A.B. asks: 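Quick one: structure below, then a few questions.
Predicted, not measured: the structure shown is a model, and the values here were computed from it. Reckoned from all heavy atoms, side chains included, excluding hydrogens, waters and symmetry mates. First listed ligand is number 1; within each ligand, the first listed atom is number 1.
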Amino acid sequence: MPDPVVKPVGVALIGCGRISGAHLAAAAAVPDAVRIVATVDPDPAAAQAAAGPFGAAALTSMADALAMPEVEAVLIASPNALHGEQALAALAAGRHALVEKPLAETGAQARLLEAEAAKRGLVLAAGHTYRHNRAIVTLLDRMPDWGPLRAVSVTSCVFWDGPQAPWWATRSPEDGLILSLFAPHSLDFVQLVMGADDPLRVHAEAARWQPGWRGEDEAMILMAYPGRRMASVHISYNQRSVFDRKVLHFAGGVAEIEDGEVLKWNGEVLVSPSEGVLINPRRMGGRRTGHFFEQQLREFAAAVRGAPHRCPTGHDAARLIELIDQVKASARANSADAIRG
Ligand SMILES: NC(=O)c1ccc[n+]([C@@H]2O[C@H](COP(=O)([O-])OP(=O)(O)OC[C@H]3O[C@@H](n4cnc5c(N)ncnc54)[C@H](O)[C@@H]3O)[C@@H](O)[C@H]2O)c1
């Protein structure tokens, strides 16, 4: 846990759509860490509904939020294509930023943000919500005892019956669908366990099964890391029976994380979820995730106040987007769709 935060960080929520509910519920649960002081959405009713419970200013322009002195930080939860420009505007206005994944659409854009944050001494954090769960935190704390890591394999398969927001449908195959929206979670996990090393080689295959969007909805990624370590990631939007599993092969044995919540070491359960968290993990929505969002806000507030934290910031946040650039380039060259049969 980060050190206690002295004063709640004044936050403007940018984008009051689908995921904003999770952030707002988390903010309400951690009033010692953050205070929502403004909400912004082009739809005034959405901004108002989000602001109401907090007595915050409901706005339709981010510039108006950046003009408010009580806004110390922004939480960007707008469509992916806006993240880069909105984060840059916030940093240029001297505000810290927590940006929903992906931090930016391209590695070049992410590097610009990293440089701007460093120049101004501001926190630029990416919203890799899932890294804040107890199973992952415990794994990271314990893995130095388990000997060298040799291989990691991540499977994260869910089911979406078509676009969950209108902009999903219009993303081009070049922009990427699942590789932009869902891969960041799994690749952030790989980056966490591989430490400071980036992969030496990246190979990806991608395919589209559903007609409701243009981008890929299924992908497999294979990566070779220094020290003969390897990682594989399988992500899907087509799996009706939700499947979420991480397996790590160390010299000393095998660690597993099941359903994002259960950590096992050589079959022995080290971490299990609180009661009521895993309701039916094979179903969409069958797992409560509010605790990750709460912890993420606590960690971000700690980062803003200069305390130890576990948010991916600056360089680490940006290099993940460079990795996604490589994955997208490989997937474009290796579309499994193009193979006959
Ligand atoms: N961490 C997670 O687990 C998680 C889960 C879902 C979505 N996300 C991310 O959250 C982001 C939002 O996804 P969503 O599903 O809520 O999408 P959404 O379309 O439901 O919500 C986006 C909102 O942003 C608003 N918006 C559009 N232009 C804007 C602008 N210029 N300024 C401010 N707001 C603007 C839209 O009106 C909409 O209300 C995406 O980047 C997505 O990748 C993260």
Side-chain angles (χ1 to χ4, degrees), residues 11-27 36 38-51 56-66 71 74-90 93 95 97-105 109-110 125-133 136 156 158 160 162-171 175-189 213 215 235 237 242 244 260 284-285 287-297 299-300 311-312 317 320-321 324:
V11 170
L13 174 69
I14 315 298
C16 304
R18 218 166 53 99
I19 202 59
S20 69
H23 292 299
L24 292 166
I36 300 290
T39 62
V40 179
D41 200 287
D43 173 357
Q48 186 55 55
L59 307 168
T60 52
S61 138
M62 188 170 108
D64 291 344
L66 296 178
V71 171
V74 294
L75 195 178
I76 297 177
S78 55
N80 292 15
L82 298 176
H83 293 184
E85 67 189 68
Q86 289 182 329
L88 194 60
R95 298 332 201 274
L98 169 59
V99 186
E100 260 298 357
K101 52 77 196 167
L103 177 67
E105 289 275 43
Q109 205 176 37
H128 295 298
T129 327
Y130 288 81
R131 65 156 55 197
H132 299 293
N133 88 25
I136 292 181
S156 195
V158 298
W160 291 121
Q164 299 303 295
W167 52 273
W168 286 31
T170 53
R171 287 185 68 82
D175 292 337
L177 184 72
I178 198 168
L179 291 177
S180 174
L181 278 151
F182 204 38
H185 289 306
S186 299
L187 293 174
D188 180 57
F189 177 77
W213 41 52
I235 46 173
Y237 278 166
V242 170
D244 179 352
M284 292 300 281
R287 170 179 164 197
R288 291 197 205 289
T289 54
H291 49 302
F292 308 168
F293 285 88
E294 289 168 24
Q295 190 58 24
Q296 176 169 265
L297 287 182
E299 301 283 348
F300 177 63
C311 286
L320 183 82
I321 306 302
I324 292 175

A.B. asks: What are the atoms of ligand 1, with element, lying closer than 4.0 Å to any heavy atom of H185?
C.D. replies: 1 (N), 2 (C), 3 (O)
A.B. asks: So, 4.0 Å and heavy atoms of K101: is ligand 1 close enough to count as a contact?
C.D. replies: yes
A.B. asks: Is H128 close enough to touch ligand 1? Criterion: a residue heavy atom under 4.0 Å from a ligand atom.
C.D. replies: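 It does not; every heavy atom stays at 4.0 Å or beyond.
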A.B. asks: Looking at V242 and M284, what are the two nearest heavy atoms and their distance?
C.D. replies: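 Scanning both residues completely, I find the closest heavy atoms to be CG2-SD, 3.5 Å.
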A.B. asks: Side chain, backbone, both or neither: which part of T129 comes within less than 4.0 Å of ligand 1 when only heavy atoms are counted?
C.D. replies: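 Only the side chain of T129 comes within reach of ligand 1.
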A.B. asks: Do any nitrogen or oxygen atoms of L181 lie less than 3.5 angstrom from nitrogen or oxygen atoms of ligand 1?
C.D. replies: no
A.B. asks: Can you figure out which of L59, D41, I76, T289 has its heavy atom closest to atom 38 (C) of ligand 1?
C.D. replies: D41
A.B. asks: With respect to atom 26 (N) of ligand 1, which of P42, G127, C16 exhibits the smallest heavy-atom separation?
C.D. replies: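 Residue with the shortest heavy-atom distance to the ligand atom: P42.
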A.B. asks: Looking only at protein heavy atoms, identify the closest one to atom 5 (C) of ligand 1 and say how far it is in Å.
C.D. replies: I19 CD1, 3.3 Å
A.B. asks: What about the rings of F182 and W160, do their centers lie closer together than 6.0 Å?
C.D. replies: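 When the ring centroids of F182 and W160 are compared, they turn out to be at least 6.0 Å apart.
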A.B. asks: Name the option, out of N80, L13, T60, that contains the heavy atom nearest to atom 42 (C) of ligand 1.
C.D. replies: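 That would be N80.
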A.B. asks: Under a 4.0 Å N-O cut-off, is there an ion pair linking D244 with R287?
C.D. replies: yes
A.B. asks: Counting heavy atoms only, which of Q296, Q164, R18 comes nearest to atom 20 (O) of ligand 1?
C.D. replies: R18
A.B. asks: Given A126, A81, A77, which has its nearest heavy atom closest to atom 22 (C) of ligand 1?
C.D. replies: A77
A.B. asks: When you look at I36 and L75, which way does the side chain to side chain contact (heavy atoms under 4.5 Å, CB included) test go after all the steps?
C.D. replies: CA-CA 10 Å; I36 300 290; L75 195 178; 5.6 Å; no
A.B. asks: Between the candidates S78, A47, G15, which shows the shortest non-hydrogen contact distance to atom 11 (C) of ligand 1?
C.D. replies: S78
A.B. asks: Is the shortest distance from a heavy atom of Y130 to ligand 1 less than 4.0 Å?
C.D. replies: yes
A.B. asks: Under the criterion side chain to side chain contact (heavy atoms under 4.5 Å, CB included), I'd like the reasoning laid out for L320 against L103: C-alpha separation, chi angles, the key distance, then a yes or no.
C.D. replies: CA-CA 9 Å; L320 183 82; L103 177 67; over 6 Å; no
A.B. asks: Check whether any side-chain heavy atom of L13 lies under 4.5 Å from a side-chain heavy atom of D41, and answer yes or no.
C.D. replies: no
A.B. asks: List the steps, then state whether side chain to side chain contact (heavy atoms under 4.5 Å, CB included) holds for H23 with Q296.
C.D. replies: CA-CA 9 Å; H23 292 299; Q296 176 169 265; 3.7 Å; yes
A.B. asks: Once side chain to side chain contact (heavy atoms under 4.5 Å, CB included) is applied, do any residues pair with P44, and if so which ones, sequence neighbours excluded?
C.D. replies: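 Only T60 meet the side chain to side chain contact (heavy atoms under 4.5 Å, CB included) criterion with P44.
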A.B. asks: Just distances here: any N/O of Q86 and N/O of ligand 1 closer than 3.5 Å?
C.D. replies: yes
A.B. asks: Can you list the ligand 1 atoms lying under 4.0 Å from a non-hydrogen atom of H83?
C.D. replies: 41 (O)
A.B. asks: Give the numbers and elements of all ligand 1 atoms closer than 4.0 Å to a heavy atom of I14.
C.D. replies: 33 (C)
A.B. asks: Take every heavy atom of P79, measure it against each atom of ligand 1, and state whether any distance is under 4.0 Å.
C.D. replies: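 Under 4.0 Å: yes for P79.
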A.B. asks: Quick one: are I136 and F189 in side-chain contact, heavy atoms under 4.5 Å?
C.D. replies: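 Answer yes - side chains close enough.
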A.B. asks: Does the H83 side chain pair with the main chain of I76, one donor and one acceptor, at a distance under 3.5 Å?
C.D. replies: no
